[in-house]
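First the proteins, then the strands, lettered A, B, ... as listed; each starts at 1.
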There are 2 protein chains.
Amino acid sequence: MAKRIKVAADLSTEEKIKEAARKVFQQKGYAATRTRDIAEEAGLNLALLNYYFRSKEKLFELVMVEKMQKLFGVIAVILYDTENTLETKVELMVTNYIDMLLEHPDLPIFVLSEIRNNPGRFPGNLPLGDLMRNSRFATQLREKRPDLHPMQLIFSILGMVVFPFIGGPVFEGAGLVDKPTFARLMEERKKLIPVWVKAMLESG
Amino acid sequence: MAKRIKVAADLSTEEKIKEAARKVFQQKGYAATRTRDIAEEAGLNLALLNYYFRSKEKLFELVMVEKMQKLFGVIAVILYDTENTLETKVELMVTNYIDMLLEHPDLPIFVLSEIRNNPGRFPGNLPLGDLMRNSRFATQLREKRPDLHPMQLIFSILGMVVFPFIGGPVFEGAGLVDKPTFARLMEERKKLIPVWVKAMLESG
DNA sequence: ATTTTTTTTAATCATTTGATTAAAAAAATC
DNA sequence: GATTTTTTTAATCAAATGATTAAAAAAAAT
């Protein structure tokens, strides 16, 4: 009989733990997560967690870095972009962000609430600050509307894009939108928000 | 010598505990809060917590109800309003909400993340659902823009108002805005957002 | 003043939880 | 195939934590 070639091998133990950690940490938050939850989710012995990653904290940091990169990465791409017009950039940012959030709807609330619960753990590490201030994007905003602080527009764009995902559970819990409707609305928003932003930039 | 009349008496023990609970729960979240933290913050013996409120959970629920009322109350007021025009309602909502959030900046992230971490604890209790669907506000939105799902506008208005407070810590941590600037921007937003919403409603 | 009730305290319990250890099992190396 | 190294397991530890208890202190009622 044909020798079974090792195909689609199981994830390594290390990766199984990380995968379980991503899931459980995101679902319950750092403080409410017990290392035993992660071990069980991974179907592995508890001690393996400390064997591969020294501690709950270290494992969490690993997961958290990934999540933060995912959450802030989309913005960074737009900021680095020196080619496109402001209008195109807004379109790109909105579309990319919504697509990412449709795949990871509870990413923002997770990251933001962990930062909030333990600000000390995440020192002003993000190079997002200067980047955002000195980006071509910020300059373009200033050119178009020198009377407006760029953050006013960034808050608004991000708010319109991200808030539905943060508030989602509440609105779904209240029976205001079901999951398929929500997805449809978010698709629609990819077109709506850029139009709205344009209208905002031309107002006042 | 004049008999000292009992003036500005200390808070009752019960109220001291609640006050401390509000502070600590909000700061660290339910799971990361130890009953000892609350007792210490209140300057009281640990056992008093269980004497006045049966358990950590019961005390938390009490605090949480208050916070949710504060967070959703502002919206309810607007929904019940049958007098004002859509335009005025938007102005009222934005102003009231921003004023409230300036006083309680970390209310939204707290409530939303606790709901997220433990959706089971908060059953579809909010009567906000039908209220919002059948409100005069929703009707007014539909009249003005029948082509738009009302939630598209509600998501946008709430997003523009609430998001800066949810994302605040990140932007401050990144050195993008300092506290006084933030407050100034939020004051400015009370005028900006209604204008923007008007522009949005007239766009497309 | 005495008794009764309410409030507060210190000490302690039982469980949970992150982490460790020593030994077994599996894999790799020689 | 024996030896060494890596991986996994079961058992256990020590600290933390929510809760209880019995007694003391304070306040209220009689």
Side-chain angles (χ1 to χ4, degrees), chain A residues 3-65 110 114 117-118 120-122, chain B residues 3-65 110 114 117-118 120-122:
Chain A
K3 185 128 52 85
R4 176 71 76 84
I5 295 178
K6 213 208 244 175
V7 141
D10 261 15
L11 293 172
S12 73
T13 299
E14 195 173 338
E15 195 49 46
K16 269 190 222 162
I17 296 175
K18 255 202 245 174
E19 193 60 40
R22 287 189 196 102
K23 180 170 172 183
V24 180
F25 276 137
Q26 169 127 299
Q27 189 171 108
K28 321 218 274 187
Y30 176 79
T33 293
R34 291 163 300 150
T35 51
R36 282 164 174 81
D37 297 333
I38 298 176
E40 191 183 355
E41 173 72 33
L44 294 170
N45 188 289
L46 166 66
L48 287 170
L49 197 150
N50 295 76
Y51 176 74
Y52 281 101
F53 313 88
R54 284 180 50 79
S55 66
K56 177 188 177 185
E57 174 107 18
K58 284 260 194 301
L59 177 55
F60 177 74
E61 271 163 24
L62 226 71
V63 169
M64 194 66 179
V65 167
F110 170 72
E114 291 299 335
N117 286 346
N118 209 332
R121 208 188 330 238
F122 316 96
Chain B
K3 184 128 51 87
R4 174 73 74 86
I5 295 180
K6 212 208 240 172
V7 141
D10 259 17
L11 293 172
S12 72
T13 300
E14 195 173 338
E15 197 48 45
K16 269 190 221 160
I17 296 174
K18 256 202 244 176
E19 193 59 41
R22 288 187 196 102
K23 179 170 172 184
V24 181
F25 276 138
Q26 169 127 299
Q27 189 170 106
K28 321 218 276 188
Y30 176 79
T33 294
R34 292 163 299 149
T35 51
R36 282 165 174 82
D37 297 333
I38 297 175
E40 191 183 355
E41 173 71 33
L44 295 171
N45 186 290
L46 166 66
L48 287 171
L49 195 149
N50 296 78
Y51 176 74
Y52 281 100
F53 312 88
R54 283 178 52 76
S55 65
K56 176 187 177 185
E57 173 106 17
K58 284 260 194 299
L59 177 55
F60 176 74
E61 272 164 24
L62 227 72
V63 170
M64 194 65 180
V65 166
F110 171 72
E114 291 298 335
N117 286 347
N118 209 331
R121 209 191 326 241
F122 316 97

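Annotation: side chain of B:F110 is not in contact with side chain of B:Q27 (no heavy-atom distance under 4.5 Å). Residues A:F25 and A:I38 form a side-chain contact, since some pair of their non-hydrogen atoms from C-beta on lies under 4.5 Å apart.
Residue A:Y52 is in sugar-phosphate contact alone, with no base atom involved, counting any heavy-atom pair closer than 4.0 Å across all strands shown.
Separating the CG atom of B:N45 from the C1' atom of D:dA19 is a distance of 12 Å, rounded to the nearest angstrom. Rounded to an integer number of Å, the gap from B:K56 NZ to D:dT17 P is 9 Å. Regarding A:L46, its CG atom lies at a distance of 16 Å from the P atom of D:dC13, rounded to whole Å. In this structure, A:R36 atom CZ and D:dT12 atom P are separated by 14 Å, rounded to whole Å.
Under a 4.0 Å N-O distance rule, the pair A:E41/A:R22 does not qualify as a salt bridge.
Projected onto DNA chain C by closest heavy-atom contact, A:A32 and A:R54 fall at different nucleotides, the more 5' of which corresponds to A:A32.
The span of DNA chain C lying next to chain A, judged by atoms under 4.0 Å from heavy atoms, is bounded 5' to 3' by C:dT17 to C:dT21.
Because its NZ or CZ atom is not both nearer than 6.0 Å to the ring centre of B:Y52 and within 45° of the ring axis, B:K58 does not count as a cation-pi partner of that residue.
Partner assigned to D:dA29 is C:dT2, using Watson-Crick or G-U wobble distances below 3.5 angstrom.
More than 12 heavy atoms of other residues, nucleotides or ligands lie within 6.0 Å of CD in A:E15, so this atom counts as buried by the packing criterion. By the 6.0 Å contact criterion, CD on B:E40 is open, its count of non-hydrogen atoms from other residues, nucleotides or ligands being 12 or less.
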